[in-house]
Peer 1: 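Structure in structure tokens, see below.
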Amino acid sequence: MSFKAIEGQDRAIGLLRRALDRNKFHHAYLFSGLDGIGKKKTALEIAKALNCRQPGPEGSCDSCEACLKIEKNCHPDLVHLKPEGLQIKIDQIRALEEQLAYPPFEGRYRLVLLDKASDLNVWAANAFLKTLEEPPSGNIFVLLANDPGELLPTLVSRCLPLNFSPLPPALISRKLMADKGSDPGKAQVISRISGGSLGRAVDFLENYSGEKSWDKKLEDWLRQLEALSAGSLSPLIAGIKVWLGSREQMQEVLEIGSACLRDILWLRNGLEDFVYLPAEHKKRLYGLALRCPERIWIKRYDLITQAVQDLIRQVNPQLTWEMLWIKMARAAN
């Protein structure tokens, strides 16, 4: 695969390639950004590039034994730390410290990947901080998080931060057609509501119909917005439990809502060509667009954006949803 296969992250990849060329990798990195935009793939490419037996200008060769083992997640010097249950616990960090006491087993470097660094509980985070303060040689740490604000500031300060950007819709659409065989119309719609995440777009494509599909979630949003415009707040609050799920699932639903309001604003400003939804959905959004002044839709769009940030910062999910709809209703007053 090598670094050239990671698209849409030119700045982050450029910095890592320069570090590789100079053989001056930092001991700890914090990759932040949405899920499904290449953070984990980039971490694996670092492991491959540092341990490849035939490295080239683009990083790894992808064909030597070390590269193939890392690609299959079975290399002894690739440590993938994941939550046990809901959290990464202190016992996992203690076991990691015992492993770090020894040099890399097979390669030049050991790469420790914390898939969801925000899931470190407070005891594990404090124990891991000591490891980052005095890192054993031959080890590189990569922490993945949606937002640096999810982590202890002391952990963030020990890492070199690299922000990964949301992917442009055109790139996501092209990848869905080329890699997943999607038809152009479906790919365009999904790319616009995926929030810049290729991983989320692939999930939408693979679950195109049924209760968990993006079109069912889109239909739910249209019904809620129509009820909101009719001044019916009670059914909105009563139906909130249907929307509740994991924080990741709720963020996904909010991204679809954000896309709906963005399309309403496009339609209000005569930019119909920017709206890629099916004709029936577009017609309903156009009807919604004309029911309220533009300033109200802008305010509601901002409220959804704030709700996403509240979820990231661990605000109670049900409270977040209830307050969102109350504030969206009040925006019309």
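Not measured: the values here are computed from a predicted model. What's counted below: heavy atoms across the whole structure, side chains too, no hydrogens, waters or symmetry copies. Here, residue 1 is the first one in the sequence, and each next residue gets the next number.
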Peer 1: Does some side-chain heavy atom of Ser118 sit less than 4.5 Å from a side-chain heavy atom of Asn146?
Peer 2: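 Result no, sub-4.5 Å side-chain heavy-atom pair not found.
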Peer 1: Taking everything shown except Arg108 itself, do over 12 heavy atoms lie less than 6.0 Å from its CZ?
Peer 2: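 Atom CZ in Arg108 is packed in, count exceeds 12.
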Peer 1: Please answer whether the main-chain N or O of Pro169 pairs with a side-chain N or O of Ser173 as donor and acceptor at a distance below 3.5 Å.
Peer 2: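 Judged by distance alone, no pair lies under 3.5 Å.
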Peer 1: Are Leu267 and Ile264 side-chain neighbours, meaning at least one heavy-atom pair lies under 4.5 Å?
Peer 2: no
Peer 1: Flag the pair Val142 / Lys39 as yes when at least one side-chain heavy-atom distance between them is below 4.5 Å, and no otherwise.
Peer 2: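 They are not in contact (no side-chain heavy atoms under 4.5 Å apart), so the answer is no.
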Peer 1: Could you tell me whether the side chain of His75 and the main chain of Ala66 form a donor-acceptor pair under 3.5 Å?
Peer 2: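 Judged by distance alone, no pair lies under 3.5 Å.
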Peer 1: Say you draw a straight line from CG of Leu319 to CD1 of Ile326; how long is it, rounded to the nearest 0.5 Å?
Peer 2: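 Result: 8.5 Å between the selected atoms.
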Peer 1: Give, for atom CG of Leu265 and atom SG of Cys260, the distance between the pair rounded to the nearest 0.5 Å.
Peer 2: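 Here the rounded value is 11.5 Å.
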Peer 1: Passes side chain to side chain contact (heavy atoms under 4.5 Å, CB included), Gln306 versus Met323? Steps please.
Peer 2: CA-CA 11 Å; Gln306 182 59 53; Met323 293 308 298; over 6 Å; no
Peer 1: Leu143, Ile13: one ILVMFWY side-chain cluster at the under-4.5 Å cut-off?
Peer 2: no
Peer 1: Is there a continuous path of hydrophobic side-chain contacts, each under 4.5 Å between heavy atoms, that joins Leu44 to Leu114?
Peer 2: no
Peer 1: Could you pull out all residues at least two apart from Ala201 that satisfy side-chain contact (heavy atoms from CB on, under 4.5 Å)?
Peer 2: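 Applying side-chain contact (heavy atoms from CB on, under 4.5 Å) to Ala201 gives Ile172, Leu176, Ile190, Ser194.
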Peer 1: Checking Pro166 now: which residues fulfil side-chain contact (heavy atoms from CB on, under 4.5 Å) with it, not counting sequence neighbours?
Peer 2: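 Per chain and number, Pro166 pairs via side-chain contact (heavy atoms from CB on, under 4.5 Å) with Leu34.
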Peer 1: Can you pull the salt bridge (charged side-chain N to carboxylate O under 4.0 Å, His left out) pairs that have at least one residue in residues 159-174, sequence neighbours excluded?
Peer 2: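 Found Glu7-Arg174.
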Peer 1: Return the set of residues passing side chain to side chain donor-acceptor pair (under 3.5 Å) with Arg110 (not counting sequence neighbours), or none when no residue passes.
Peer 2: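 Result, side chain to side chain donor-acceptor pair (under 3.5 Å) vs Arg110: Asn139.
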Peer 1: Could you list the residues that satisfy side-chain contact (heavy atoms from CB on, under 4.5 Å) with Phe105, not counting sequence neighbours?
Peer 2: Pro76, Asp77
Peer 1: Before you tell me yes or no, could you show the steps for Met328 and Leu225 under side chain to side chain contact (heavy atoms under 4.5 Å, CB included), namely the whole-Å CA-CA distance, both residues' side-chain angles and the distance that decides it to 0.1 Å?
Peer 2: CA-CA 10 Å; Met328 287 177 72; Leu225 291 173; 4.0 Å; yes
Peer 1: Please name the pair of heavy atoms, one in Trp297 and one in Ala289, separated by the smallest distance, quoted to 0.1 Å.
Peer 2: NE1-O, 3.6 Å
Peer 1: What is the minimum heavy-atom distance between Pro161 and Cys159, and which atoms define it?
Peer 2: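 Between these two residues, the closest heavy atoms are CD-O, 3.3 Å.
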Peer 1: For Ala145 and Glu150, which heavy atoms make the closest approach, and how far apart are they?
Peer 2: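 Taking Ala145 first and Glu150 second, the nearest heavy atoms are CB-OE1, 3.7 Å.
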Peer 1: For Phe25, check ring-ring contact (aromatic ring centres under 6.0 Å, His included) against everything at least two apart and list the hits.
Peer 2: Tyr29
Peer 1: Among residues two or more places apart or on two chains, list those pairs meeting ring pair (Phe, Tyr, Trp, His ring centres under 6.0 Å) that have a residue in residues 108-144.
Peer 2: Phe128-Phe141
Peer 1: Looking at side-chain heavy atoms only, is the closest gap between Leu162 and Leu16 below 4.5 Å?
Peer 2: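 Leu162 reaches Leu16 side chain to side chain.
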Peer 1: Are Met177 and Leu198 connected, step by step, through hydrophobic side chains (Ile, Leu, Val, Met, Phe, Trp, Tyr) whose heavy atoms are closer than 4.5 Å?
Peer 2: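 As far as the 4.5 Å side-chain criterion goes, Leu198 and Met177 are not connected within one cluster.
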Peer 1: Verify side chain to side chain contact (heavy atoms under 4.5 Å, CB included) between Leu303 and Trp325, making sure each step is shown before the conclusion.
Peer 2: CA-CA 9 Å; Leu303 288 169; Trp325 289 103; over 6 Å; no
Peer 1: Per the ring pair (Phe, Tyr, Trp, His ring centres under 6.0 Å) rule, what does the pair list look like for residues 164-187, sequence neighbours excluded?
Peer 2: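 Every ring pair (Phe, Tyr, Trp, His ring centres under 6.0 Å) pair that includes a residue of residues 164-187, provided the two are not neighbours, is Phe31-Phe164.
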Peer 1: If every non-hydrogen atom of Ala49 is compared with every non-hydrogen atom of Ser60, which pair is closest and at what distance?
Peer 2: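 Heavy-atom minimum between the residues: N-CB, 4.1 Å.
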Peer 1: So does Ala307 get a backbone contact from the side chain of Trp321, meaning a donor-acceptor N/O pair under 3.5 Å?
Peer 2: no
Peer 1: Asp10: which residues meet the side chain to side chain donor-acceptor pair (under 3.5 Å) condition with it, sequence neighbours left out?
Peer 2: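 Here no residue qualifies.
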Peer 1: Grouping I, L, V, M, F, W and Y whenever their side-chain heavy atoms are under 4.5 Å apart, do Ile140 and Leu100 come out in a common cluster?
Peer 2: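 No; Leu100 is not reachable from Ile140 via cluster members.
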Peer 1: Are any non-hydrogen side-chain atoms of Ile70 and Leu111 less than 4.5 angstrom apart?
Peer 2: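 A side-chain contact is absent here, since even the closest heavy-atom pair is not under 4.5 Å.
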Peer 1: Rounded to the nearest 0.5 Å, how far apart are CD1 of Ile256 and CZ of Arg200?
Peer 2: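 Nearest 0.5 Å value for the CD1-CZ distance: 8.0 Å.
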Peer 1: Atom CG of Leu152 and atom CG of Leu120: how far apart are they, to the nearest 0.5 Å?
Peer 2: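 These two atoms lie 8.0 Å from each other.
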Peer 1: Enter the distance from Ser258:OG to Asp302:CG here, rounded to the nearest 0.5 Å.
Peer 2: 9.5 Å
Peer 1: Apply side-chain contact (heavy atoms from CB on, under 4.5 Å) to Leu129 and list each qualifying residue two or more places apart in sequence or on a separate chain.
Peer 2: Glu133, Thr154, Leu155, Arg158
Peer 1: Tell me the side chain to side chain donor-acceptor pair (under 3.5 Å) pairs involving residues 14-23, sequence neighbours left out?
Peer 2: Arg17-Glu58
Peer 1: Between Gln9 (side chain) and Ser165 (backbone), is there a donor-acceptor pair under 3.5 Å?
Peer 2: yes
Peer 1: So how far is it from Arg300 CZ to Leu261 CG, rounded to the nearest 0.5 Å?
Peer 2: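 Reported to 0.5 Å precision, the distance equals 8.0 Å.
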Peer 1: Where the side chain of Arg268 meets the backbone of Cys292, is there a donor-acceptor pair that is under 3.5 Å apart?
Peer 2: yes
Peer 1: Scan side-chain atoms only and decide if Asn51 and Glu106 contain a donor-acceptor pair under the 3.5 Å cut-off.
Peer 2: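 The criterion, which ignores hydrogens and geometry beyond distance, is not satisfied for Glu106 and Asn51.
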Peer 1: Flag yes if Val112 and Leu151 sit in one hydrophobic cluster, no otherwise; membership is Ile, Leu, Val, Met, Phe, Trp, Tyr, and two members link when side-chain heavy atoms are under 4.5 Å apart.
Peer 2: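 Yes, same cluster.
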Peer 1: Give the C-alpha distance, both sets of side-chain angles, the deciding distance and a yes or no for salt bridge (charged side-chain N to carboxylate O under 4.0 Å, His left out) between Glu45 and Lys48.
Peer 2: CA-CA 5 Å; Glu45 283 306 314; Lys48 287 161 64 176; 2.9 Å; yes
Peer 1: Hey, does Leu20 have a side-chain heavy atom less than 4.5 Å from the side chain of Leu50?
Peer 2: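 Touching, per the 4.5 Å side-chain cut-off.
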Peer 1: What side-chain donor-acceptor pairs closer than 3.5 Å can you find for residues 78-99, not counting sequence neighbours?
Peer 2:
from  : atom 1 : to     : atom 2 : distance (Å)
His80 : NE2    : Asp115 : OD2    : 3.3
Gln92 : OE1    : Lys89  : N      : 2.9
Gln92 : NE2    : Lys82  : O      : 2.8
Glu97 : OE2    : Thr131 : OG1    : 3.4

Peer 1: So which atom in Ile37 and which in Ser197 form the shortest heavy-atom distance, rounded to 0.1 Å?
Peer 2: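 That closest heavy-atom pairing would be CG2-CA, 3.8 Å.
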Peer 1: Can you list the steps and then say if Lys116 with Asp35 is a salt bridge (charged side-chain N to carboxylate O under 4.0 Å, His left out)?
Peer 2: CA-CA 10 Å; Lys116 286 189 175 293; Asp35 290 335; 3.7 Å; yes
Peer 1: I need the minimum non-hydrogen distance between Asn163 and Ala12, along with the two atoms involved.
Peer 2: O-CB, 4.5 Å
Peer 1: Could you check if a side-chain atom of Lys130 sits within less than 4.5 angstrom of a side-chain atom of Glu134, using non-hydrogen atoms only?
Peer 2: no
